[in-house]
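For reference, the structure is listed below as structure tokens.
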Amino acid sequence: MYDEGCLKKIGANIRFLRMMRRIRQQDLAESLGISQTHLSNMECGRVNCSLKQLLRLANIFDCQLEALLDAQKAAECWGLADAEQEEDKLYTKSDIEQLLKLVKKGI
């Protein structure tokens with residue numbers, strides 16, 4: 001049910017929410033009281049996240065804890081859930097993924 005792959009999903013959700021909020025890794029790391037390297041490792045799923053860190057992240061991102069654990073909930077924080085199913089949505093899931101890649105590259 002749960003394995004190390006969950007760490008990558010949680011890390012991806014942290015990265016997604018951080019990028020959507022336009023928060024630099026260094027700034028978020030300082031808010032959490034950890035190094036930028038440790039945050040990078042969290043986002044890549046290489047290290048565990050403590051419950052305390054997850055709670056702090058939820059408060060920083062002003063979202064429910066579930067948004068850090070579930071990609072669907074993370075998307076709901078931005079009103080992006082079911083984007084492919086609703087015609088009135090601005091972006092599809094594919095569009096969002098491409099936009100995130102561009103944001104990450106700094107374009």
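Just so it is clear, the structure is predicted and the values come from calculations on it, not from any experiment.
Shortest non-hydrogen contact noted between Leu68 and Leu54 is CD1-O, 3.2 Å. Minimum interatomic distance between Asn48 and His38 (heavy atoms only, all atoms of both residues): O-NE2, 4.4 Å. Summarising the geometry of Asn13 relative to Ala67, their closest heavy-atom pair is CB-O, 3.7 Å, with the distance given to 0.1 Å. In plain terms, the two heavy atoms of Leu39 and Ala29 that are nearest each other are CD2-N, 3.7 Å.
Taken from SG in Cys49 to CG in Leu69, the straight-line distance is 9.5 Å, to the nearest 0.5 Å. In this structure, CG in Asn59 is found 9.5 Å from CG in Leu65, a value given to the nearest 0.5 Å. If you take CD on Gln26 and OG on Ser40, they are separated by 11.5 Å, rounding to the nearest 0.5 Å. Note that CZ of Arg56 and CD1 of Ile34 are 9.5 Å apart. Values are rounded to the nearest 0.5 Å. Note that CE of Met19 is 14.0 Å distant from CZ of Arg24, once rounded to the nearest 0.5 Å.
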Kindly determine whether Cys63 and Leu57 satisfy side chain to side chain contact (heavy atoms under 4.5 Å, CB included), including the steps that lead there. CA-CA 8 Å; Cys63 67; Leu57 286 165; over 6 Å; no

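At most 12 heavy atoms of other shown residues, nucleotides or ligands fall within 6.0 angstrom of atom CD in Gln64.
Side-chain atoms of Gln53 come within 3.5 Å of backbone N or O of Ser50 as a donor-acceptor pair.
Here Gln36 pairs with Gln25 under the side chain to side chain donor-acceptor pair (under 3.5 Å) rule; sequence neighbours left out. Residues forming a side chain to side chain contact (heavy atoms under 4.5 Å, CB included) with Ile23 (at least two apart in sequence, or on another chain): Arg18, Arg21, Asp27, Leu28, Ile60, Phe61.
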